[in-house]
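Worksheet for the structure shown next.
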Amino acid sequence: MPELPEVETVRRQLEPLMVGRRLASVSIRDSRLTRPLDPHAVEAALTGCTVGSVNRRGKYLVFDLDGVNWLAHLRMTGAFLTTSTGTFDDSRHLRAVVQLDDGAGVGYRDVRRFGTWAVLTDQELDYIFTTHLGPEPLSDAFDQAWLSVRFARSGARVKAALLDQTTAAGVGNIYADEALWQAGVHPARAAGSLDDSEIVALVAAVRGALTKGIERQGATLRDYRAPDGASGAMQDEFAVYGREGEPCNRCSGLVTKIRVAGRGTWFCPSCQPTSVRS
DNA sequence: CAAGGACCCTGTTTGC
DNA sequence: TGCAAACAGGGTCCTT
């Protein structure tokens with residue numbers, strides 16, 4: 001589900017409600033949520049801790065509880081929801097509930113149950129991030145030099161390369177398609193076939209798509225909601241995602257849907273031509 | 001190294 | 001209308 005802009009929106013909403021608060025109680029209702037960790041051990045580790053900061057790395061949320069790291073990944077349908085009263089009107093698919101010391105509640109809903117929670121040491125957290133995640137795409141580390149190195153001589157399709165979290169942490173299916181359209185690059189091109197100007201355009205396009213997504217507070221297609229229940233607005237501004245058969249915003253082409261890297265992929269065949277070199 | 005599929009799950013949409 | 005297959009924003013693992 002949520003990609004970087006959605007997770008960042010969640011982070012920004014949770015931050016003011018949770019920082020400085022003590023976790024009065026933690027109830028994990030679905031033992032799959034913490035697999036392979038024992039849910040009771042996770043409850044015990046979190047209960048009583050005070051939230052120092054709410055951070056994001058790629059699509060992960062990281063709650064810093066004074067040395068205890070609480071990691072959450074929402075995967076496809078995970079969602080945090082907040083309530084000032086501590087109770088939830090709709091408890092369907094509620095997999096965990098955290099009560100804060102001011103009476104507010106933080107719930108975790110996940111229809112498909114792919115999301116995961118973990119409690120990790122600093123060393124474990126560092127290991128996961130350095131081995132599984134590349135640079136933050138909105139940081140200076142994500143630049144032409146980095147993408148050139150990553151793509152050099154790669155025969156992988158450029159969309160697959162963008163979805164690889166070690167290329168840029170947090171890019172998912174939606175923003176990959178939007179960025180490739182913005183850069184005018186066909187999603188099935190070999191990553192190694194992009195020239196310097198295309199790499200530069202793609203770096204800017206990834207940044208631009210994610211920044212716009214954050215400004216619009218994410219995209220709500222099916223399940224995604226911000227913790228306060230609000231929908232995002234980014235879906236209203238998609239150039240290609242989900243717009244099969246509709247006219248391209250930039251040329252006379254029609255948005256086309258194909259399958260790349262096992263995922264639904266939308267692009268404009270007219271302004272995202274297949275390279276002669278790919 | 002890359003591609004494709006299975007798998008982890010449930011709900012909704014599509015197609016016959 | 002009814003039913004079953006296909007599909008969904010993620011990520012990992014295994015085989016080819």
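Lettering of chains follows the sequences in order, A, B, ..., and the numbering in each one begins at 1.
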Here the distance between atom C1' of dG9(C) and atom CG of Leu4(A), to the nearest Å, is 13 Å

From the candidates dG10(C), dT10(B), dA8(C), the one with an atom nearest any side-chain atom of His73(A) is dG10(C)

Closest to the side chain of Ala156(A), out of dA8(C), dG10(C), dA2(B), is dA2(B)

- Query: Distance between the P atoms of dC3(C) and dC8(B), in whole angstroms?
  - Reply: 27 Å

**Report entry** Ring centroid separation Tyr108(A) to Trp117(A) under 6.0 Å
**Finding:** yes

task: Under 4.0 Å between any heavy atoms, over every strand shown, what does Arg263(A) touch: base, sugar-phosphate, or nothing? Just pick one.
output: base

Q) Counting only heavy atoms not in His40(A), do more than 12 fall under 6.0 Å of its NE2? A) no

| Checking all strands, does Gly262(A) fall into the base, sugar-phosphate, or nothing category for heavy-atom contacts under 4.0 angstrom? | nothing

* When you compare dA6(C) with dG5(B), how far apart are their C1' atoms, in angstrom units rounded to a whole number? -> 16 Å

Separation of dC8(B) atom C1' from Phe114(A) atom CZ, nearest Å, is 5 Å

Discussion item. So Ala160(A), base contact, sugar-phosphate only, or nothing? Heavy-atom distance under 4.0 Å.
Written reply: nothing

Electrostatic pair Arg189(A)-Glu198(A), nearest N-O below 4.0 angstrom
yes

- Going hydrophobic residue to hydrophobic residue with side-chain gaps under 4.5 angstrom, can you get from Leu37(A) over to Leu46(A)? yes

Per nearest nucleotide of DNA chain C, the residue lying toward the 5' end, Arg259(A) or His132(A), is Arg259(A)

| said: Pairing donors with acceptors under 3.5 angstrom, does anything connect the side chains of Lys159(A) and Thr265(A)? | reply: yes

Polar-atom pairs under 3.5 Å, protein N or O versus N or O of nucleotides 11-16 of chain B: list them with distances, or write none.
from, atom 1, to, atom 2, distance (Å)
dG11(B), OP1, His93(A), NE2, 3.2

Lys59(A) has its side chain closest, among dA3(B), dA8(C), dG11(C), to dG11(C)

**Message:** Tell me whether Arg263(A) is salt-bridged to Asp177(A), with the criterion being a basic N under 4.0 Å from an acidic carboxylate O.
**Reply:** no

To the nearest angstrom, the CG-C1' distance between Leu162(A) and dG9(C) comes to 15 Å

Any strand, both distances under 3.5 Å, Watson-Crick or G-U wobble: dG9(C) pairs with none

**OP:** Could you give the distance separating dA6(B) and dA5(C) at their P atoms, to the nearest angstrom?
**Re:** 15 Å

Query raised in the report: Taking NZ, NE, NH1 and NH2 as the nitrogens, is one of them in Asp110(A) or Arg95(A) under 4.0 Å from a carboxylate oxygen of the other?
Result: no

Salt bridge check: are Lys59(A) and Glu3(A) linked by an N-O gap of less than 4.0 Å? no

Under a 4.0 Å heavy-atom cutoff, the residues of residues 144-155 of chain A touching DNA chain B are Ser154(A), Gly155(A)

What one should report as the nearest heavy-atom pair of Arg12(A) and Ile214(A) is NH1-CG2, 3.4 Å

Checking all strands, does Tyr175(A) fall into the base, sugar-phosphate, or nothing category for heavy-atom contacts under 4.0 angstrom?
nothing

| task | Using the P atom on both, measure dG11(C) against dG11(B) and round to a whole Å. | result | 22 Å

